[in-house]
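Let me begin by presenting the structure, written as structure tokens, before commenting on it.
Below, chains carry the letters A, B, ... as their sequence lines are ordered, and counting in each starts from 1.
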Amino acid sequence: SAEIKIGASVSATGPAAFLGDPEAKTLEMLVEEINAKGGINGEKIELVLYDDGGDPNKARTFATRLIENDEVQAIIGGSTTGTSMSILSVAEDAEIPFISLAGAIDIVQPVKPYTFKTPHTDRMACQKIFEDMQKRGIETIGMISGTDGFGASMQAQCKDVAGEYGIKIAADETYDPKDADMTAQLTKIRNTEGVQAVLNPGFGQGPAIVTRNYRQLGIELPLYQSHGVASDGFIELAGKDAVEGVRLPGTALLVADLLAEDDPQKPVVMAYKTAYEERHNEPVSTFGGYAHDGFALLVDALTRAGSAEPEAIRDALEATSALVGTTGVYTMSAEDHLGLDLSAFRMLEVKGGTWSLVE
Amino acid sequence: MTLLSIEGLGIAFGGIKAVHDVSLKVDPGEIVSIIGPNGAGKTTLFNMISGIYQPDSGCVLLEGEDVTGMAPFRLASRGMSRTFQNLQIFQNMTVLENAIAGFHLQERGAVLADLLHLPSSRRRARAAEAGARALLARVGLERAADREAGSLSYGSLKRLEIARALALRPKVLLLDEPAAGCNAVETEEIDQLIAEVAASGVAILLVEHDMKLVMRISSHVVVLDQGEKIAEGAPAEVSRDPAVIAAYLGSEEAAHADG
Amino acid sequence: MPRLSAKSATLLVLAALVVVSPLFFPSGYYYRVGALIFVNGLAVTGIVILTGYAGQISLGHAGFAGIGGYACALAPVHLGLPPALAAVLGVLISGALAYLVGRPILRLKGYYLAVATLGFGILVSMVLNNERQLTGGPDGIIVPDLGLRGLLKDWGLNISNGEFWYFFCGIALLIGAWIALNLRQSPTGRALRALHGSEIAAQTVGIDVARLKLQAFVISAVYASVAGSLLALQNKFITPDVAGFMHSIEMVTMAVLGGAGSVLGAILGAGVLTLLPQVLTVFAEFEQLVLGLVMMLMMIFLREGLLPSLLRKLRGRDE
Amino acid sequence: MSELLQFLFSGLTVGAVYALVALGFTIIYNASDVVNFAQGEFVMLGGMITWFAYQAGLPLPLAALVAILATAALGVTLNKLAIEPARGAPVVSLIIITIGASVFIQGAAQQVFDKQIHSFPAFSGDTPLRVLEATIQPQSLWVIGGALVVFVGLWLFFTRTLIGRAVLATSNNRLAAQLVGINTNFVMTLSFALSAGIGALAGVLATPITLTAYNVGIGFALKGFAGAMLGGMGNPKGALVGGFLIGLIEALTAGYLSSTYKEAVAFVVILLVLFFMPQGLFGSKSTERV
Amino acid sequence: MLTVEGLRSRYGRIEVLHGIDLHVDSGEIVTVVGANGAGKTTLLRCLSGVQPLSSGTITFRGEPLHLVPAYRRLARGLAHSPEGRQIFTNLTVEENLRLGAFLYTDERVEKDMDDAFQMFPILKEKRNLVAGGLSGGQQQMLAMARALMGRPFCLLLDEPSMGLAPIVVQQIFEVISGLKALGVTVLLVEQNAFGALKIADRGYVMETGRITMQGPSEELISNPRIREAYLGL
Ligand SMILES: Nc1ncnc2c1ncn2[C@@H]1O[C@H](COP(=O)(O)OP(=O)(O)OP(=O)(O)O)[C@@H](O)[C@H]1O
Ligand SMILES: Nc1ncnc2c1ncn2[C@@H]1O[C@H](COP(=O)(O)OP(=O)(O)OP(=O)(O)O)[C@@H](O)[C@H]1O
Ligand SMILES: [Mg+2]
Ligand SMILES: [Mg+2]
């Protein structure tokens with residue numbers, strides 16, 4: 001058939017279901033939407049979606065399957081860095097464009113011809129946070145990170161980039177994503193000389209528990225969370241009282257209603273947010289947004305390429321310019337297969353139990 | 001030199017002396033029987049001799065060497081073999097394989113040879129199998145060779161254990177109630193087998209409650225009661241000992257009763 | 001007609017499967033699945049030796065797979081070893097570690113052994129996760145190419161990546177199965193099964209139980225390590241997941257599901273559990289549900305494992 | 001000093017959760033020699049069902065009761081449909097069945113409920129209690145109290161009641177148990193109901209602290225298993241002490257040594273204990289004479 | 001009291017009992033003798049319900065028993081002291097006995113326990129010790145005592161004298177005879193055929209899964225074939 005076949009392998013179950021589940025739901029929704037509108041250049045899109053459970057070995061198998069068996073023209077997916085790395089090596093070998101939904105910079109650095117990615121990097125999140133800290137005159141901080149892929153990767157990036165902002169990490173603690181109590185680590189941080197703020201990279205329940213324990217211990221220092229928990233669910237889980245004053249770098253999606261009317265992202269995020277929440281009856285998350293953007297990039301490229309040849313798609317992807325997504329505005333080039341800058345992030349703070357923009 | 005000699009062996013469980021200061025000797029070709037009431041400490045004595053329990057006191061000498069508390073598998077390689085009152089069968093293997101297992105010391109070799117199926121490994125295995133079949137025939141289990149050991153009746157298992165113990169070609173053989181679960185006729189077969197083994201120069205230590213068997217084949221009888229030796233001597237002598245009759249036999253006829 | 005021994009029959013069936021299956025493969029993806037089955041089959045064959053023969057449970061064998069895999073990732077970079085030698089290094093480290101760890105913990109029995117091995121596996125995976133400088137942390141690390149395919153190409157044998165790994169792993173599995181089958185019928189194998197039946201009786205026939213268990217543990221660790229190396233080399237990428245608890249559980253499940261006492265059975269189990277998720281993608285949403293259900297049903301109705309139970313049923317019908 | 005106290009509170013809170021899970025393991029193990037790897041799923045169900053019932057408008061105590069009863073019923077179903085039909089199967093097969101059940105329940109939970117993380121209010125509010133310089137959540141006291149109550153209950157059950165003795169007899173020798181008139185099927189049903197109920201209770205008590213989601217079961221199962229083995233499988237005292245010990249070791253390691261390797265330290269301690277006490281701290285050696 | 005008709009039983013595919021007919025009248029002591037592997041143990045296991053029948057019927061006190069699950073048979077009055085003793089090795093001697101009386105909660109339990117201790121004083125000495133630590137013979141006594149705690153009308157005994165000292169063997173046979181006075185019916189499987197036949201009223205001879213001979217004890221004792229094959233005379 002003349003259909004365009006797009007493959008996806010995401011972690012809809014398993015430890016990274018947090019990421020993969022909204023991604024899968026988003027992709028299914030968007031494909032349906034676009035087909036209802038008559039497809040791209042008149043051709044319908046068929047989505048072949050697999051759940052790799054966050055296992056890189058499985059992801060590699062599914063990537064092989066998508067390419068060799070299902071003969072897709074492009075792949076979106078790889079919710080975690082590990083699965084993305086697995087998929088990209090297959091895709092590069094087969095010369096099929098691949099848009100990764102994972103955070104690590106290694107995925108697109110060094111640039112690989114067929115691999116792109118949508119999420120801002122952990123490093124950018126760290127930079128955004130440190131910028132904010134700088135503004136508040138914070139120089140010494142304590143970190144408490146999850147040992148999962150997300151937490152560990154961001155922990156490393158933040159440690160790496162902290163010096164550039166003149167920030168000293170005086171305490172560096174971790175917790176297992178399944179841990180139930182972090183008061184021991186937080187006590188240690190509190191008792192560390194000179195700590196002025198605490199930063200918690202991680203996703204899942206860990207950050208919620210950290211936030212609660214933080215208040216339980218009565219720590220008054222500013223608490224920074226990561227974009228890993230940028231969702232309304234986090235406020236609910238951590239409890240409105242505990243979460244008051246917490247800051248984190250988030251995407252426009254989270255504060256869709258607060259965006260200025262002239263904000264270029266406003267229409268895009270509002271459309272996605274309304275559609276998703278209506279359909280799935282659960283709040284949108286940043287991660288679903290990555291899939292949204294990945295799909296938008298692909299649709300945009302397909303439209304411009306006017307062909308579903310992998311080669312043509314790749315070229316068109318690389319030529320993406322000023323595409324407005326939920327995460328930010330993408331402008332790709334041969335040297336940059338991510339195409340976002342720090343402006344993609346907005347510093348948010350919980351005030352009165354809801355997100356607000358930090359000016 | 002005595003083949004096996006035990007000197008002042010003793011052990012206690014939770015303060016209770018199960019065996020206390022027991023000494024005895026066995027020479028090649030001899031059958032020494034240990035009798036005594038239930039709980040007298042016979043099996044415990046066996047367990048100490050064969051290295052399963054560590055004695056609290058005393059020592060075990062095998063061919064003049066002190067082997068007290070030595071691991072069972074080392075004792076096996078020095079020529080000690082035994083059967084159990086509570087059957088210890090390799091339930092997950094066939095009857096034949098159980099018997100072959102008894103040949104372990106003769107058939108074992110380099111693991112690497114086994115992994116690579118080298119001719120030496122095959123040769124050893126073949127020899128063991130032939131030996132095992134012969135032994136099964138000797139205890140009347142040749143027809144059951146390929147059955148799963150777990151599916152044998154109690155009496156047959158008892159005999160399988162004897163076959164396995166004989167496979168080690170022991171210098172000392174400890175038999176714990178070999179005739180339990182066998183009727184009079186079957187007991188006689190076992191009786192003969194033991195006598196033959198002894199005649200071939202093996203030292204045999206026997207625990208058995210079947211007095212007919214004990215009286216018939218023992219060269220020497222040791223009587224334990226509450227962990228202590230209360231009498232010893234020739235079978236006929238012991239069976240007339242009033243202390244033995246009171247503690248164990250119940251009546252003198254019991255020693256000669258035909259049942 | 002002389003009766004085929006179980007060993008020759010198993011090897012024949014396996015060899016036939018490896019060689020004939022590709023005739024029916026519609027696409028390259030099937031080679032990939034085949035290769036995965038062979039790798040898992042190899043790991044599980046080690047479990048057969050440890051659990052099926054010797055009756056010792058391990059919930060930490062993925063740790064050895066992790067060591068094998070990371071050896072291939074790290075040794076070429078840090079020690080400059082070629083990947084194939086790195087795998088050998090992995091085997092040596094796994095074997096040595098199994099020896100050191102096995103000595104104290106193999107005294108434990110049943111669930112206590114299970115929890116001790118579990119602890120070992122968790123320690124390994126924790127190191128792989130947390131020593132980011134060295135291992136790349138949870139995000140994983142790139143594994144250099146084995147280079148053998150290039151070599152084959154130079155010799156005029158040009159096969160695709162998928163095909164290469166399919167046959168390479170297939171051969172590895174055949175060798176692994178051959179060794180495990182040799183062991184079973186050998187004096188050592190018999191001694192292993194004997195200690196499974198009764199450790200006390202095994203001792204009294206002269207079997208050095210502690211040593212033999214240790215040997216089985218080391219051998220099975222080597223199997224896991226080789227499997228881990230093969231996986232890493234063919235994926236060209238590795239994450240600490242290979243060493244994770246779930247992977248250990250998966251290995252044991254494959255072995256038991258297929259029939260832990262039989263090499264062919266266990267490999268069959270590996271096949272079923274590797275294929276199942278691929279087949280179940282049709283159910284997407286219900287994949288886990290169905291997987292759990294299949295596991296339960298198979299164990300309820302084929303309690304000795306897939307192959308032994310099926311053979312028993314077949315034989316039952318003959319008579 | 002206040003630091004130490006804070007670490008101890010942390011360890012006790014987490015340890016109590018582990019202890020509750022470990023206690024859940026003991027019953028089924030005592031009845032059947034099987035470690036039920038689906039135990040963690042019972043904990044998950046306790047939390048998830050409570051949350052859903054609570055969302056649906058039930059008052060929290062009633063929601064919790066519903067969750068415990070529903071989970072107990074599920075435990076019975078699991079026994080009837082999966083464990084009983086497999087009677088006589090080797091223990092490894094039974095373990096695989098329980099693992100299969102765990103996978104199945106998880107799969108079902110993500111269908112019936114959702115994949116989100118949930119929590120419900122703590123029973124006695126969130127205002128931390130201050131002890132010297134340290135603080136503890138009121139909910140922690142609930143969990144610790146729950147672990148102690150369940151322990152005492154189980155201890156009395158196994159040592160003081162004939163039916164408790166019958167449970168032990170069933171695992172020790174099923175054939176003999178039948179011969180003395182014990183309905184071993186009933187014993188199994190009862191064990192699964194109790195075990196699942198205790199698991200669910202753990203979930204109910206712990207969720208305000210640990211939060212819950214469809215996939216939290218395996219983590220609980222693992223730590224509970226480790227705790228039970230450290231204390232000696234099958235012994236309620238062992239489960240209690242083992243669970244608390246692991247919690248305390250983790251908290252103290254995180255506080256004084258390294259939070260990264262706190263679990264490693266816990267497992268090293270387990271390995272050390274087992275090296276010297278192969279049956280765990282309180283496990284009784286089974287006496288089989290030869 | 002107990003009637004067995006056409007009883008067949010199998011282990012897997014192999015049938016080991018090929019149609020057993022036998023009956024035990026109220027108050028009788030009946031013994032079954034046979035060589036190793038004849039099927040005696042299997043027969044008793046069928047009667048107590050722990051081994052399934054493939055066909056045949058068992059009638060006990062006028063009611064069909066073969067459909068009653070094993071654990072209810074003690075309540076019907078049928079107790080079994082099995083081969084291999086099958087005591088609860090992890091429980092204490094006293095707990096073993098109490099579980100023997102699992103069905104009862106009245107005061108008689110204490111009295112029965114005293115009786116058991118009187119019969120086997122060694123058990124009283126060891127009452128608080130774990131049963132697994134007992135010697136073989138002591139365990140055998142415990143198994144017998146535990147069966148009696150169930151207050152049976154009919155007692156199935158599988159080689160009760162195995163591993164017992166001669167003095168206790170005499171005593172056991174006296175106890176069994178004594179049961180008769182108490183109105184307890186006994187079906188006794190014994191390798192000590194001579195001793196068993198001496199106290200039994202009637203006997204059956206079992207060979208490879210079939211009953212090949214039966215009759216009053218005296219008759220069997222004097223039968224030359226039996227004397228040669230089982231009594232070794
Ligand atoms: N492991 C143990 N734990 C506790 N007590 C033990 C243990 N082993 C032996 N005993 C005690 O030691 C005593 C001797 O037991 P042993 O088995 O040696 O007796 P025996 O002479 O073989 O008796 P039988 O003729 O009944 O077999 C018994 O009272 C027994 O309870
Ligand atoms: N679990 C089993 N599986 C298969 N076959 C069995 C099993 N148990 C017993 N058999 C077989 O059934 C037959 C009868 O065995 P049973 O134990 O009833 O004999 P028995 O008369 O009690 O013998 P013994 O005097 O040796 O105790 C034997 O051939 C035995 O091998
Ligand atoms: Mg004894
Ligand atoms: Mg019998």
Whatever's closer than 4.5 Å to a heavy atom in chain E on B/Thr43 counts as neither

When the 4.5 angstrom heavy-atom criterion is applied to E/Ile122 and chain B, the contacting part is neither

CG (B/Asp210) and CG (E/Asn192) are apart, to the nearest 0.5 Å, by 8.0 Å

Turns out that what part of B/Ile35 lies under 4.5 Å from chain E's heavy atoms comes down to neither

Would you find more than 12 non-hydrogen atoms of other residues, nucleotides or ligands less than 6.0 Å from B/Lys17 atom NZ?
no

Most heavy-atom pairs under 4.5 Å with chain E, out of B/Gly155, B/Ser151, B/Ala247, belong to B/Gly155

Point to revise | CD/B/Gln226: more than 12 non-hydrogen atoms of other groups inside 6.0 Å | key: no

Within residues 79-96 of chain E, contacts to chain B at heavy-atom distances under 4.5 Å involve E/Glu83, E/Arg85

If one checks every heavy atom of B/Ala246 against chain E at 4.5 Å, the contacting part turns out to be backbone

dist B/Tyr154:OH -> E/Gln191:CD (nearest 0.5 Å) comes out at 10.5 Å

All heavy atoms of E/Gly137 vs all of B/Asn38, minimum pair found to be CA-ND2, 3.4 Å

Using modelled atom types and a 3.5 Å cut-off, is there a donor and acceptor pairing between side-chain atoms of E/Asn36 and backbone atoms of B/Gly181? yes

Honestly, the part of E/Gln138 sitting under 4.5 Å from a heavy atom of chain B is both

**Message:** Measuring only between side-chain heavy atoms, which start at C-beta, is E/Glu228 closer than 4.5 Å to B/Val185?
**Reply:** no

Worksheet item: Taking everything shown except B/Glu228 itself, do over 12 heavy atoms lie less than 6.0 Å from its CD?
Response: yes

Kindly say whether E/Tyr230 contributes a backbone atom to a donor-acceptor pair with the side chain of B/Asn183 at under 3.5 angstrom?
no

On a heavy-atom basis, the closest approach of B/Gly39 and E/Ser135 is N-OG, 3.2 Å

task = Would you mind reporting whether B/Tyr248 and E/Pro166 have side-chain heavy atoms less than 4.5 Å apart?
result = yes

Whatever's closer than 4.5 Å to a heavy atom in chain B on E/Ala229 counts as backbone

Heavy atoms of B/Ser153 and E/Gly37 approach each other most closely as OG-N, 3.1 Å

>> Taking the side chain as everything from C-beta on, heavy atoms only, tell me whether B/His209 gets closer than 4.5 Å to E/Met162.
In response: no

Counting heavy-atom pairs under 4.5 angstrom with chain B, the leader among E/Gly163, E/Gly136, E/Ala196 is E/Gly163

Whatever's closer than 4.5 Å to a heavy atom in chain B on E/Leu134 counts as neither

